[in-house]
Novice: 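Let me begin by handing over the structure; questions about it come next.
Values below: every heavy atom of this structure, side chains too, minus hydrogens, waters and symmetry copies.
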Amino acid sequence: MSDHRHELYDPSPNPSSHPTEDPSYSFSAVPLSPGLPSHPIAPDQQAYLPTPVIRRRPSLQSKERYNSFLDEILPTPSTASANAPGGGLLRRTGAVGVIVVFILVATWLAATDSGGQVLGAGSGGLRNVFWSEGEKEWSVQAVMPSPEAGKEVAVDAALAGVEEEESVMPDFDQYIMLRTVPANMVELSGHGRRVIFVGDVHGSYAPLKHLMSRLAYSPSTDTLIHVGDLIAKGTHNSEVLSWFESRRILGVRGNHDQPVIQWRAWMEWTGGAKWEGMMDELSELDDGEVEMRVAKMGRKWPKGWEWKGEHWHIAKKLNKKQYAYLQQLPLQLHIPSLHSVVVHAGLLPSNPLRDPDHPTQPLVAADRQSQSSSSGTSGDEASELSRTSEEISILLDIPQNTHPWNLINMRGLHEKGSKKGKVTKSGKKGTPWSQVWKREMGRCIGDGAGAMADIEEEGGVEELEEEEKREMAGQAMDAGEAGAVSEDEFKLKKLKCSPVTVIYGHAAARGLDIKPYSKGIDTGCVYGRQLTALVLGSTSGLDGKKVRVGEHRGVLVSVPCDKGGL
């Protein structure tokens, strides 16, 4: 499990609200659902003890028998067995013995691990004995609610040479599922105001500076937002991270940012305050020796992680501010004022495991809501609230959009065969998710639907590639998805919903993937192609392909890159 939260971006410093020691970043968190608490239980929520029964001790003059402490907890049996010679005493002695043995065993279990070694404070021996294996594998806030809280749990014992057979893994993922951006942070009505979205940087520092220079980027008038994968594959990861961190740039996590966060969390969990020295020491050993060494400390890493791989090395070199910046990147940025969502890989417009016209599908639900309120005087404010509700429903009510792996890896969707409804990270299998998004958002005839027609008349939308047309017709589907999908199957009835635009990266193989309601801007800089920005607002002096995000016109600007992002 992970700590899935929905947060409202708050630019004001508030050290107590951020999960790191660095006060530069602060966001107020609220639980996404009652089942996922973000805060510990308050002291005033403790259960009340039952009212005690007060017994009056009899006076010495009373003929009433005075009960001893033993009489109170183990009353003498009143049955005939108690009258047998030694019967009451024998039963009472046996009961006391059972209680004493139970207390001793429980105390020993609480203070030791499964090997009999005494645990340090906070190790939770008794809890670990009774917890199930599934709960041990991925605990969230109960074990490590934040990087600094619990960072040293059981670590001191490990450094002191105390071996632990097993330990509870903290939440290495540290996901923040969704963050909402207030309208005042993406204001476009003022003179010279712009919102700039930049594609996957991948450590390409020189092209980044070139692009920002060409755009004449100014923090005073521009809001810059990145689509993830700031690091890995390129050679200047530290410089790129420091550039974005120092300017507090908005953005989302990518599939290459995530393993860096995971490895750094593991390193700090394993070594505590001395994690850097421990990693230096471990890096001198071969892989087999490392696994044996960390296993003795109860610090195995999850299956599939690559020891001393690229992400490991980047994680080890991160300074505190760079790590804090990566931690606070959510998987989705919702921008209601632009009726847009920023995500690294992709989103789905509906649950593919249900009929497109099922009443639980967000677009269908929005259509019904629109029809039920059409007789009233909704007004502009009510209309905006309705659109925002529709957008939130897409993000939270479609199961596939609540799975972190999908949001940072999705490229296609299986629409037929045994794998129907499954997301794929392959760009050669299934239907591109952006094509599914275009098809279903094209059903919407509510507010904002006219933007597509306007921009298509300007020639700003690229025609579908032949490969995409084949995929839509079912001719490029992988094995197991037999039968062609007719385009007639996709001619769904129109709905009174409003379209939503997704801005994303991740699909460098497709290059610019510009459709009416999705903008793919990863143009493969690290592979020696281009680094691209999508600019909304004041675009005077900028040359490039025209685009549109909702009601806002913009332009695509690219700069060339050398291989490796140089």
Side-chain angles (χ1 to χ4, degrees), residues 6 178 180-181 183 186 332-343 346-402 406-407 410 413 415 421 431-456 461 472 487-504 514-520 547-552:
H6 175 194
L178 172 63
T180 298
V181 182
V186 286
Q332 302 166 99
L333 270 181
H334 178 213
I335 313 177
S337 58
L338 298 181
H339 301 295
S340 302
V341 179
V342 181
V343 66
L347 289 171
L348 294 181
S350 61
N351 182 353
L353 298 177
R354 286 184 170 174
D355 186 272
D357 288 314
H358 193 279
T360 61
Q361 301 286 23
L363 298 184
V364 178
D367 175 75
R368 293 190 173 192
Q369 178 65 28
S370 177
Q371 291 181 14
S372 64
S373 60
S374 60
S375 58
T377 55
S378 59
D380 293 340
E381 184 176 352
S383 177
E384 285 298 301
L385 288 174
S386 178
R387 291 189 68 175
T388 299
S389 176
E390 175 188 335
E391 293 157 12
I392 290 292
S393 181
I394 291 173
L395 301 178
L396 301 185
D397 295 337
I398 296 174
Q400 294 79 6
N401 291 344
T402 64
N406 291 346
L407 301 177
M410 178 190 311
L413 173 71
E415 296 195 290
T431 303
W433 73 264
S434 59
Q435 184 61 38
V436 178
W437 191 271
K438 176 180 182 291
R439 181 180 76 218
E440 295 208 32
M441 287 297 156
R443 304 175 66 187
C444 296
I445 58 174
D447 293 342
M452 179 176 65
D454 292 345
I455 198 66
E456 283 183 335
V461 176
M472 185 175 178
E487 291 191 34
D488 289 337
E489 293 184 44
F490 297 144
K491 291 180 179 178
L492 304 170
K493 68 178 183 180
K494 297 297 182 180
L495 302 171
K496 292 183 178 180
C497 50
S498 297
V500 185
T501 300
V502 179
I503 301 166
Y504 68 100
I514 307 300
K515 295 182 174 65
Y517 302 116
S518 64
K519 319 295 177 185
V547 292
R548 189 161 191 164
V549 175
E551 292 81 20
H552 301 280

Novice: Please enumerate all residues that pass ring pair (Phe, Tyr, Trp, His ring centres under 6.0 Å) together with Trp437, with sequence neighbours excluded.
Specialist: none
Novice: Rounded at 0.5 Å granularity, tell me how far CD1 in Ile398 sits from CZ in Arg354.
Specialist: 11.0 Å
Novice: State, yes or no, whether a side-chain contact exists between Leu407 and Leu347 at a heavy-atom distance under 4.5 Å.
Specialist: yes
Novice: Can you check whether Leu178 reaches Leu396 side chain to side chain, under 4.5 Å on heavy atoms?
Specialist: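 Yes, side chains in contact.
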Novice: Using atom types as modelled and distance alone, determine if a side-chain donor or acceptor of Ser498 lies under 3.5 Å from a backbone N or O of Asp447.
Specialist: yes
Novice: Can you name the closest pair of heavy atoms from Thr501 and Ser518 and give their distance?
Specialist: CG2-N, 4.3 Å
Novice: Report yes or no: do Gln361 and Asn351 form a side-chain donor-acceptor pair below 3.5 Å?
Specialist: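 Short answer, no.
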Novice: Under a 3.5 Å distance rule, please check whether Lys496 uses its side chain to pair with a backbone N or O of Val364 as donor and acceptor.
Specialist: no
Novice: Within the 4.5 Å heavy-atom criterion, are Val502 and Val343 side-chain neighbours or not?
Specialist: yes
Novice: With respect to Leu363, which candidate in Ser393, Ser350, Cys444 satisfies the side chain to side chain contact (heavy atoms under 4.5 Å, CB included) definition?
Specialist: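 For Leu363, the side chain to side chain contact (heavy atoms under 4.5 Å, CB included) test succeeds with only one of Ser393, Ser350, Cys444, which is Cys444.
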Novice: Using 0.5 Å steps for rounding, measure from the CD atom of Glu440 to the CG atom of Leu348.
Specialist: 8.5 Å
Novice: Give, for atom OG of Ser340 and atom CG of Leu333, the distance between the pair rounded to the nearest 0.5 Å.
Specialist: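 One gets 11.0 Å once the value is rounded to the nearest 0.5 Å.
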Novice: So, for Tyr504 and Ser434, which heavy atoms are closest and what is the spacing to 0.1 Å?
Specialist: OH-CB, 3.8 Å
Novice: How close do Leu353 and Gly421 get, heavy atom to heavy atom, and via which atoms?
Specialist: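 Looking at all heavy atoms of both residues, the shortest contact is CD2-CA, 3.7 Å.
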Novice: Measuring from Ile514:CD1 to Ile503:CD1, what's the distance to the nearest 0.5 Å?
Specialist: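 Nearest 0.5 Å value for the CD1-CD1 distance: 9.0 Å.
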Novice: Taking Arg443 for its side chain and Lys493 for its backbone only, find out whether a donor-acceptor pair lies under 3.5 Å.
Specialist: yes
Novice: Working to the nearest 0.5 Å, report the span between NE2 of His334 and CG of Leu395.
Specialist: 6.0 Å
Novice: Which distance, rounded to the nearest 0.5 Å, do you find between the NZ of Lys438 and the CH2 of Trp433?
Specialist: 13.5 Å
Novice: Any heavy-atom pair between the side chains of Met441 and Pro349 that's under 4.5 Å?
Specialist: yes
Novice: With sequence neighbours excluded, give me every salt bridge (charged side-chain N to carboxylate O under 4.0 Å, His left out) pair touching residues 384-397.
Specialist: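 Non-adjacent pairs meeting salt bridge (charged side-chain N to carboxylate O under 4.0 Å, His left out): Arg387-Glu551.
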